[in-house]
Student: 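Take this structure first; my questions come after.
Only a predicted model underlies this, so the values are computations on that prediction, with no experimental measurement involved.
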Amino acid sequence: MTGRAMDPLPAAAVGAAAEKEADPQAADLPTPQAVEPQVIVQRAPAPSRMQMPQGNPLLLSHSLQELLARDTVQVELIPEKKGLFLKHAEYEVSSQRFKSSVYRRYNDFVVFQEMLLHKFPYRMVPALPPKRMLGADREFIEARRRALKRFVNLVARHPLFSEDVVLKLFLSFSGSDVQNKLKESAQCVGDEFMNCKLATRAKDFLPADIQAQFAISRELIRNIYNSFHKLRDRAERIASRAIDNAADLLIFGKELSAIGSDTTLLPSWAALNSSTWGSLKWALKGLSVEFALPEDKAAQQGKQAENDVVEKLNLFLDLLQSYKDLCERHEKGVLHKHQRALHKYSLMKRQMMSAAVQNCEPESVEQLESRIVEQENAIQTMELRNYFSLYCLHQETQLIHVYLPLTSHILRAFVNSQIQGHKEMSKVWNDLRPKLSCLFAGPHSALTPPRSPPQSPPEDGLCPH
């Protein structure tokens, strides 16, 4: 960062900034140390103000390992449901960084996200999973738990969010009124534009072709998202097939047990083969329990694919979706407001010219001039916010590329799960094969499989034995 003093804000921005006060809640909370010196941290006496890194503040210098090491947050569903009339799910949220364990409801996550969007409207704030009021089954609740876990981990590893008081409150405050605490921490503090000392000079650090770069980056991220979305769908199908395979093996073993437990009387014309049928039932009954192990291994393989592959893909997709949402906020928010302000200014100018031509009263002309000056200040503020939004977008784009090496983690986990799964299943089937010799050997006899005269293999390719 350069050592120059901050450029003065336009009149509208200065007036808004004067109404902002330091956060009264921040002083009561411990401030964790930043992982890297480049991370934006809060400075005394106003924790809401942000220090920018030395050098070129536009460029980030984080690695994926550094971001992942910031914190690991676990979100577990509490089995008991509270509430007299409307039942709701409650989650235990545990942070390694803060060494804390707190209880949160879904609505707490909603307020947490709202405060992040209020303070950081130009950053990638992840989306929350949908809330289902009625008929939330176990599968939906588990999917939402996983999504909440991804959400809070992405937030806890963001260079800016990780050093903000809102995150500290959410992960460490153990009181019952966490929602009010979160709102109080943000109500007296402006957004990042009001608190970043480089906000009014953001244009100076942007490349000349920033608009073209923004369009190219947006298209690239959109293509990456679409491709990874398809990869995630394939990975889900692979994991689902493993789980379905486990269910089929379980049913297969049950059917063998049902054959071995059959109590139907043997007809008299089959009495000569009664010993063979009895031995076969006895053998199938014993073999049925052997299918419990391959069933368990197949289920484990499906769960491992879900946890190690599908969840990592979902994490990356959530990050990419937050970037897409940020681009949309930039276009529909800052740019749209800027265009509206310019349009309003143009109308005022026309009114001023018309008043001058019609020789209106001096008081009305002065009021119109005052409104035009105010509108000019508003346009200048919108213009500064537009460049600051592009400044933040540039940094968030870099953050997306920092996360790209996560692809190698995902592919390595996928390959390892396939290797481990096939090795384990191969061992299970090889251990089971020698036990098939008992099919024609009962407890009181030593029958051998019937022998057939030498003949060519049947058309179906199966061995006659």
Side-chain angles (χ1 to χ4, degrees), residues 79 137-139 142-143 146 234-312 412-465:
D137 53 17
R138 182 179 302 177
E139 183 178 353
E142 171 60 17
R146 290 173 178 264
R234 297 302 103 180
E236 280 185 337
R237 292 185 60 180
I238 292 173
S240 178
R241 282 199 296 268
I243 295 175
D244 291 342
N245 184 34
D248 290 339
L249 289 170
L250 179 63
I251 296 174
F252 195 92
K254 287 182 178 180
E255 292 301 324
L256 290 179
S257 178
I259 296 175
S261 303
D262 186 85
T263 58
T264 305
L265 296 177
L266 198 66
S268 58
W269 55 268
L272 294 177
N273 297 320
S274 61
S275 60
T276 302
W277 175 238
S279 299
L280 182 62
K281 289 198 301 179
W282 172 83
L284 294 178
K285 182 74 172 178
L287 283 174
S288 63
V289 298
E290 300 293 339
F291 282 82
L293 185 57
E295 180 268 334
D296 181 63
K297 293 296 183 183
Q300 290 180 13
Q301 186 176 359
K303 292 296 182 183
Q304 184 178 3
E306 284 184 344
N307 296 329
D308 295 346
V309 181
V310 177
E311 272 305 293
K312 286 185 174 68
R412 187 179 299 111
F414 173 72
V415 173
N416 289 341
S417 67
Q418 293 297 312
I419 293 174
Q420 180 181 351
H422 284 85
K423 280 185 176 180
E424 291 178 351
M425 292 300 289
S426 177
K427 184 178 184 304
V428 167
W429 293 124
N430 283 324
D431 292 343
L432 179 59
R433 182 167 55 180
K435 300 176 182 179
L436 298 179
S437 60
C438 69
L439 284 177
F440 291 94
H444 304 295
S445 61
L447 299 178
T448 58
R451 297 180 179 275
S452 302
Q455 57 184 5
S456 60
E459 293 182 0
D460 59 7
L462 297 176
C463 176
H465 299 296

Student: Taking all heavy atoms of V309 and all of S417, pick out the closest pair and write down the distance.
Tutor: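 Result for this residue pair: CG2-OG, 4.5 Å.
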Student: Do Q300 and Q304 pair up side chain to side chain, a donor and an acceptor below 3.5 Å, judged on atom types alone?
Tutor: no
Student: Which residues pass the side-chain contact (heavy atoms from CB on, under 4.5 Å) test with S257, not counting sequence neighbours?
Tutor: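 For S257 the side-chain contact (heavy atoms from CB on, under 4.5 Å) partners, ignoring immediate neighbours, are S261, K285, S288.
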Student: Using 30° and 60° as the class boundaries, would you call the ring planes of F291 and F252 parallel, tilted or perpendicular?
Tutor: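 F291 vs F252 ring planes: tilted.
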Student: How about Q418 and I238: do any of their side-chain heavy atoms sit closer than 4.5 Å?
Tutor: yes
Student: In Å and rounded to the nearest 0.5 Å, what is the CD to NE2 distance from Q301 to H422?
Tutor: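 Between Q301 CD and H422 NE2, I get 6.5 Å after rounding to 0.5 Å.
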Student: Within the structure provided, determine whether N307 and R146 are in side-chain contact (heavy-atom separation under 4.5 Å).
Tutor: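 Side chain of N307 against side chain of R146, heavy atoms only: contact under 4.5 Å found.
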Student: How long is the straight-line distance from CD of E142 back to CD of E306, given to the nearest 0.5 Å?
Tutor: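 Nearest 0.5 Å value for the CD-CD distance: 8.5 Å.
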Student: Over all heavy atoms of both residues, which pair between A246 and A299 is shortest? Give the atoms and the distance, please.
Tutor: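 Closest approach of A246 to A299: CB-N, 3.5 Å.
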Student: Set out, in order, the CA-CA distance, both residues' side-chain angles and the distance that settles side-chain contact (heavy atoms from CB on, under 4.5 Å) for L249 and D296, then state yes or no.
Tutor: CA-CA 9 Å; L249 289 170; D296 181 63; over 6 Å; no
Student: Is there a donor-acceptor pair closer than 3.5 Å between any side-chain N or O of S426 and the backbone N or O of K423?
Tutor: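 Answer holds: no.
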Student: Using 0.5 Å steps for rounding, measure from the CD atom of E295 to the CD1 atom of I251.
Tutor: 10.0 Å
Student: Within a radius of less than 6.0 Å around NZ of K281, do more than 12 heavy atoms belonging to other residues, nucleotides or ligands occur?
Tutor: yes
Student: Test side-chain contact (heavy atoms from CB on, under 4.5 Å) on N245 and K297 and set out the steps.
Tutor: CA-CA 10 Å; N245 184 34; K297 293 296 183 183; over 6 Å; no
Student: Say you draw a straight line from CG of L287 to CD1 of I259; how long is it, rounded to the nearest 0.5 Å?
Tutor: 11.0 Å
Student: Should the heavy atoms of other residues, nucleotides or ligands under 6.0 Å from CZ of R237 be counted, would the total exceed 12?
Tutor: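 No, not enclosed.
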